[in-house]
**Student:** 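One structure follows; several queries about it will come next.
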2 protein chains.
Amino acid sequence: MVLVMKVRQLTFRLLQVYADVVRTGSLTATANRLHLTQPTVSQQLKRLREIVGEPIVRQEEGRVVPTEVGQSLYQLSQDLLSRADVFSQYLDEYNSGGRGRFSIGLVNTAQYVLPRLLGPFSQANPQVDVTVEVGNRQQMLNRFERHEDDIYVFSHPPTDNAVLAAPFLSNPLVVVGPEHCRWAGVKDLTMESLKNERFLLREPGSATRRTFDAWLYSTGIELRSTQQIASNEAIRLAVASGMGLAVLSRHVVADSPNGVQKLPLQGFPLKSRWHFVVRRERRLPPAAYRFLSFVQGSLTQAFDEPEGEMAVAELLQVLKAER
Amino acid sequence: MVLVMKVRQLTFRLLQVYADVVRTGSLTATANRLHLTQPTVSQQLKRLREIVGEPIVRQEEGRVVPTEVGQSLYQLSQDLLSRADVFSQYLDEYNSGGRGRFSIGLVNTAQYVLPRLLGPFSQANPQVDVTVEVGNRQQMLNRFERHEDDIYVFSHPPTDNAVLAAPFLSNPLVVVGPEHCRWAGVKDLTMESLKNERFLLREPGSATRRTFDAWLYSTGIELRSTQQIASNEAIRLAVASGMGLAVLSRHVVADSPNGVQKLPLQGFPLKSRWHFVVRRERRLPPAAYRFLSFVQGSLTQAFDEPEGEMAVAELLQVLKAER
DNA sequence: TACAGTCATAGATAATTATCTATGGTATTG
DNA sequence: CAATACCATAGATAATTATCTATGACTGTA
């Protein structure tokens with residue numbers, strides 16, 4: 001016999017109107033406040049009563065007051081409406097990028113500099129969750145293919161029409177040797193001189209390795225002795241302990257140069273630049289967009305890279321247009 | 001630029017459907033479960049997305065999964081729906097009378113016996129709030145006129161077509177004197193003998209007083225000395241201390257007879273009965289109805305009043321029919 | 001008692017919603 | 001790669017909702 005409330009017909013509009021009626025104690029007043037006519041409000045109430053299956057208001061001394069059930073319904077309304085409101089605010093924040101999450105995929109080397117951008121950003125946007133994925137070029141390409149992240153940092157972006165790339169920071173590759181390396185003071189140092197040195201190299205999937213390999217190929221020189229080490233940091237330490245020479249991003253060395261030094265090899269530093277890479281068709285999470293805007297505004301200050309700033313600005317332009 | 005969610009268009013139905021889609025991860029499945037067609041579900045989702053202003057689901061490996069916003073929306077849905085559900089349960093309880101409130105207005109004397117009904121009822125229905133109002137007959141009549149309570153207990157119900165009354169308990173009025181009263185052992189004690197005694201009487205508004213007055217009037221006797229005291233309890237104590245005789249409900253005396261005794265006055269006890277009184281047109285709160293049902297089931301046991309039980313049963317019949 | 005103010009109901013209409021069937025595009029899976 | 005399963009869109013329709021204007025009923029006050 002007991003009929004439960006017809007929840008499915010319940011509308012937030014109805015609750016809004018009802019809550020206002022309870023607050024004002026008058027249908028007419030509510031009608032005015034909500035820019036409706038009095039009969040409209042009257043009927044809304046009627047409908048709500050039908051949904052609830054129980055009288056919710058009665059008149060008492062010229063005022064409309066909730067019945068006992070109406071009281072509970074009013075509390076419910078307040079509760080539900082305010083929750084919906086909180087969600088609405090969340091949406092706003094989300095849309096502004098001030099809240100939410102995004103993920104960024106970094107090529108190994110880039111992890112030495114990205115913190116200088118991500119740190120301040122997170123500081124300024126504590127409600128944003130950033131997931132940082134790190135791997136070598138090949139691993140990142142795989143992630144990229146699978147659409148696993150929102151933004152990527154490559155030094156050589158995949159060539160794809162659907163891709164937008166903005167070079168934002170130069171990433172010079174330098175040759176380094178141990179602290180008291182005998183090549184350090186040599187003028188006009190050539191690769192020819194170094195070809196018998198042992199080179200500690202990153203694995204083939206890495207961008208640093210590829211760039212160096214390409215340059216080496218262009219010189220026609222072949223190295224006699226190499227050793228492969230899959231981590232920049234490990235390479236740096238190995239060089240410092242005299243195991244050989246290496247080609248590394250200047251950022252890797254600049255970060256903590258103890259024990260190693262740059263060698264003035266001709267043709268170096270090899271120029272290369274990191275790019276922010278995003279997919280055209282992918283709608284960036286607002287938080288990711290906000291990060292790029294943030295970067296755009298701090299590149300010059302943080303790295304003295306006005307060109308990078310412009311490139312990122314351009315990227316943002318395009319993204320905005322595509323939205 | 002930021003568009004807040006169109007809350008007013010939000011429907012619980014939409015949230016129900018959405019929540020189910022998130023749970024099943026499939027529009028088709030939801031369509032089946034909710035006895036809809038797949039396109040219907042599809043369109044519901046679309047509409048919800050428009051209300052939210054943001055994509056809420058995407059497809060991933062053949063499953064429908066919520067976006068970040070969708071996740072939040074799902075949580076919101078769960079939250080809102082469960083709250084509505086709680087309210088719905090509350091409604092059920094309210095309708096069954098197992099929860100809620102009602103008020104009952106008692107004529108003074110009745111407060112000596114009603115607790116024996118209200119106590120067990122409250123015990124059995126802890127979620128029901130009972131408000132007990134107590135006053136003399138006149139005060140209760142005033143409350144009755146103003147529709148202030150749900151149920152009243154009178155010994156002489158107001159005569160009004162719109163009133164339903166069920167006599168449920170006899171309320172004999174007895175004459176009492178102090179413990180060692182000289183009239184105690186007298187046979188064929190008449191009022192004539194007592195007319196020079198001082199009588200301690202309730203105020204004119206009280207039912208006890210009116211009943212006694214009426215009876216006294218029928219005897220043609222006038223009392224020489226009376227004193228008015230507005231409380232049964234105070235009268236009982238006054239009698240015990242030898243200040244005079246009194247007419248009281250037997251229930252008042254039975255409760256704690258210390259210091260007083262009944263006198264075997266001819267014509268006494270005066271018969272009278274308490275009635276439950278409700279207004280015909282007033283829809284009784286379910287809790288009040290439940291109380292009367294409860295009473296109906298316990299009168300015989302508690303007071304050995306099968307007639308009262310029948311009268312109350314009849315009252316309930318009528319109320320049920322009028323609902 | 002007549003007047004104001006307030007709520008309810010009736011009747012009408014435009015807008016929105018809830019659904020369906022049919023069909024087309026895509027992704028998953030043998 | 002064909003078959004299958006699944007989702008989106010179109011087009012159509014019935015039902016419901018949101019409103020309005022007009023009017024009636026009731027209530028409390030001048």
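In the text below, chain A, chain B and the rest are named by the order of the sequence lines, each starting its count at 1. Please read all numbers here as calculations on a predicted model, not as lab measurements.
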**Student:** Which part of the nucleic acid, if any, lies within contact of A:T11, taking any heavy atom under 4.0 Å across all strands shown: a base, the sugar-phosphate backbone alone, or nothing?
**Tutor:**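 The residue A:T11 makes no contact with any strand.
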**Student:** Considering only heavy atoms from C-beta outward, does the side chain of B:V41 approach that of B:V21 to under 4.5 Å?
**Tutor:**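 Yes, at least one pair of side-chain atoms sits under 4.5 Å.
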**Student:** Show the nearest heavy-atom pair for residues A:S42 and A:L27, with the distance to one decimal.
**Tutor:**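 Distance-wise, the nearest heavy atoms are CA-CD1, 3.6 Å.
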**Student:** When you compare the side chains of A:Y18 and A:S77, does any donor N or O come within less than 3.5 Å of an acceptor on the partner?
**Tutor:**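 No - no donor-acceptor pair under 3.5 Å links their side chains.
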**Student:** With a 3.5 Å distance limit and no angle check, can you tell me whether B:T24 reaches the backbone of B:D20 through a side-chain donor-acceptor pair?
**Tutor:**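 Looks like yes, one N/O pair under 3.5 Å.
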**Student:** At a cut-off of 3.5 Å, list every protein nitrogen or oxygen paired with a nitrogen or oxygen from nucleotides 24-30 of chain D, distance to 0.1 Å.
**Tutor:**
none

**Student:** Listed in order of residue number, which residues of residues 35-48 of chain B have a non-hydrogen atom at under 4.0 Å from DNA chain D?
**Tutor:**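 DNA chain D contact set from residues 35-48 of chain B: B:Q38, B:P39, B:S42.
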**Student:** Taking atom CZ of B:R8 as the centre, report whether more than 12 heavy atoms of other residues, nucleotides or ligands fall under 6.0 Å from it.
**Tutor:**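 No, not enclosed.
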**Student:** Other residues, nucleotides and ligands only: do more than 12 of their heavy atoms fall within 6.0 Å of CD on B:E314?
**Tutor:**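 Not more than 12 within 6.0 Å, no.
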**Student:** Using side-chain heavy atoms (C-beta onward) and a distance below 4.5 Å, is B:R137 in contact with B:R210?
**Tutor:**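 Yes; the side chains approach each other to less than 4.5 Å.
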**Student:** Just jot down the salt bridge (Lys or Arg N to Asp or Glu O under 4.0 Å) partners of A:R279, sequence neighbours excluded, or say none.
**Tutor:**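 Counting only residues at least two positions away or on another chain, A:R279 forms a salt bridge (Lys or Arg N to Asp or Glu O under 4.0 Å) with A:E281.
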**Student:** Need to verify one output field. Residue with the more 5' nearest nucleotide on DNA chain C, A:R8 or A:A29?
**Tutor:**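 Its nucleotide being nearer the 5' end, the pick is A:A29.
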**Student:** So do B:W274 and B:T109 actually touch side chain to side chain, heavy atoms under 4.5 Å?
**Tutor:**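 Side chain of B:T109 against side chain of B:W274, heavy atoms only: contact under 4.5 Å found.
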**Student:** Is the CZ atom of B:R209 crowded by more than 12 outside heavy atoms at less than 6.0 Å?
**Tutor:**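 Correct, the count exceeds 12.
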**Student:** What do the steps show when you test A:R143 against A:E133 for salt bridge (charged side-chain N to carboxylate O under 4.0 Å, His left out), and what is the final call?
**Tutor:** CA-CA 9 Å; A:R143 292 187 65 86; A:E133 298 289 341; 3.7 Å; yes
**Student:** With sequence neighbours left out, which residue pairs that include part of residues 35-48 of chain A fulfil the salt bridge (charged side-chain N to carboxylate O under 4.0 Å, His left out) condition?
**Tutor:**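 Non-adjacent pairs meeting salt bridge (charged side-chain N to carboxylate O under 4.0 Å, His left out): zero.
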**Student:** May I ask you to decide if B:L91's main-chain N or O and B:N95's side chain share a donor-acceptor pair within less than 3.5 Å?
**Tutor:**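 Confirmed, B:N95 side chain pairs with B:L91 backbone.
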**Student:** Distance under 4.0 Å to a non-hydrogen atom of chain B counts as contact; along DNA chain C, which nucleotides mark the start and end?
**Tutor:**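 Result: C:dT17 to C:dT28.
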**Student:** Give the angle between the helix axes at the two ends of the helix from C:dT1-D:dA30 to C:dG30-D:dC1, taking five base pairs at each end and rounding to 10°.
**Tutor:**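 What I find for the helix from C:dT1-D:dA30 to C:dG30-D:dC1 is an axis angle of 30°.
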